[in-house]
Amino acid sequence: MARTHGKDSQFSFNAVDLNDELSQITMNVDIPEAEITAFADAWQNFLAGKKNITTEIQGFIDLAAAAGDVTFFDAMGGGVKSTVFDPVGTGPAAGAPEYQCTASGLNGVLIASYRISLPVGGAATYAVRLQHSGLTSRAVV
């Protein structure tokens, strides 16, 4: 089984390529469940809910030139945006999915949080948590 190395991953937010500054991308998919157990049931029963997808990205920041800082700061509160996350970096193909969340109506990605860290003697970084709304597709060819 082949393994995927994170160094070739690609990520864009609202058509802005952030590959040069990102150090980590984490996509979380949670599926909440509701308990539907009745009094006569011998075991607990559950019903799966709908997917809740968030993406967390971290990167190095250059406040004079960074595309990420200005892009995220300007997009806060500005409605849904589109994202493309390609873990392999080759575009959608067999064994190489590409995750897309396209802004349309209420569908898209909202900025849930944005954090800038400027440690004394360390690298300046940012972290963003994106909340997906609506369909996030997993494209393969």
Side-chain angles (χ1 to χ4, degrees), residues 1-39 41-141:
M1 176 179 181
R3 298 187 183 201
T4 301
H5 195 288
K7 69 180 177 123
D8 294 327
S9 297
Q10 296 181 0
F11 189 87
S12 67
F13 176 84
N14 203 31
V16 175
D17 180 354
L18 300 172
N19 301 324
D20 290 344
E21 46 188 77
L22 293 184
S23 59
Q24 184 165 326
I25 305 167
T26 305
M27 187 172 82
N28 303 299
V29 181
D30 296 312
I31 303 170
E33 73 283 342
E35 185 177 351
I36 57 170
T37 307
F39 288 119
D41 291 339
W43 305 98
Q44 284 184 304
N45 293 306
F46 298 91
L47 179 66
K50 297 185 184 258
K51 290 185 277 190
N52 176 27
I53 301 174
T54 59
T55 302
E56 299 167 1
I57 60 173
Q58 297 175 14
F60 298 103
I61 191 169
D62 175 356
L63 294 171
D69 175 61
V70 69
T71 300
F72 292 123
F73 195 82
D74 289 348
M76 284 189 277
V80 294
K81 306 298 180 199
S82 297
T83 59
V84 177
F85 172 35
D86 184 350
V88 180
T90 60
E98 183 176 87
Y99 301 91
Q100 296 182 10
C101 190
T102 304
S104 174
L106 295 176
N107 292 342
V109 172
L110 295 170
I111 297 175
S113 67
Y114 179 59
R115 183 180 71 236
I116 295 175
S117 298
L118 300 166
V120 174
T125 61
Y126 66 85
V128 181
R129 189 171 64 84
L130 303 169
Q131 176 66 57
H132 295 232
S133 178
L135 176 67
T136 296
S137 64
R138 182 183 186 271
V140 293
V141 176

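Distance CD1/I53 to CE/M27: 6.0 Å, rounded to 0.5 Å. In this structure, the separation between CG on L63 and CD1 on I116 is 6.0 Å, given to the nearest 0.5 Å. Note that OH of Y126 and CD1 of I61 are 7.5 Å apart. Values are rounded to the nearest 0.5 Å. Atom CD1 in I111 sits 9.0 Å away from atom CG in D74 (nearest 0.5 Å). Between atom CG of residue D62 and atom CG of residue D69 there is a gap of 9.5 Å, rounded to the nearest 0.5 Å. S12 contributes atom OG, which lies 8.5 Å from atom CD of Q10 (distance to the nearest 0.5 angstrom).
A pairwise comparison of heavy atoms in P92 and A139 identifies CB-O, 3.4 Å as the closest pair. The nearest pair of heavy atoms linking C101 to L135 is SG-O, 3.7 Å. Of all non-hydrogen atoms in T37 and W43, the two that sit nearest each other are CG2-O, 3.7 Å. For the pair K81 and G78, the tightest heavy-atom approach, listed with the atom from each and the gap, is NZ-O, 3.4 Å. Taking each heavy atom of F11 and L22 in turn, the nearest pair found is CB-CD1, 3.6 Å. Residues P32 and D30 approach most closely at CD-O, 3.7 Å, considering heavy atoms.
Between R138 and V140 there is a side-chain heavy-atom pair separated by less than 4.5 Å. The shortest side-chain heavy-atom distance between F13 and L130 falls under the 4.5 Å cut-off. Side-chain contact check for E98 versus F85: every heavy-atom pair is 4.5 Å or farther apart. By the 4.5 Å heavy-atom criterion applied to side chains, V109 and Q131 are not counted as neighbours.
Among residues two or more places apart in sequence or in another chain, the side chain to side chain contact (heavy atoms under 4.5 Å, CB included) test is passed with D17 by N19. Under the side chain to side chain contact (heavy atoms under 4.5 Å, CB included) criterion, S82 pairs with T102, A103, sequence neighbours left out.
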Check step by step if side-chain contact (heavy atoms from CB on, under 4.5 Å) holds for N14 and F72. CA-CA 9 Å; N14 203 31; F72 292 123; over 6 Å; no
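Under the 3.5 Å distance criterion, the side-chain polar atoms of S23 are matched with a main-chain donor or acceptor of Q58. Side-chain atoms of E35 do not come within 3.5 Å of backbone N or O of Q44 as any donor-acceptor pair. D41 places a side-chain N or O within 3.5 Å of a backbone atom of A38 that can act as its donor or acceptor partner. With S133 contributing its side chain and L106 its backbone, the two residues share a donor-acceptor pair below 3.5 Å.
In this structure, D20 places its CG atom where only 12 or fewer heavy-atom neighbours from other residues, nucleotides or ligands lie under 6.0 Å away. A 6.0 Å sphere centred on CZ of F60 holds no more than 12 heavy atoms belonging to other residues, nucleotides or ligands.
With no hydrogens or angles considered, a side-chain donor-acceptor pair links T55 and H132 at under 3.5 Å.
Sorted by first and then second residue, the side chain to side chain donor-acceptor pair (under 3.5 Å) pairs involving residues 85-96 (not counting sequence neighbours) form an empty list.
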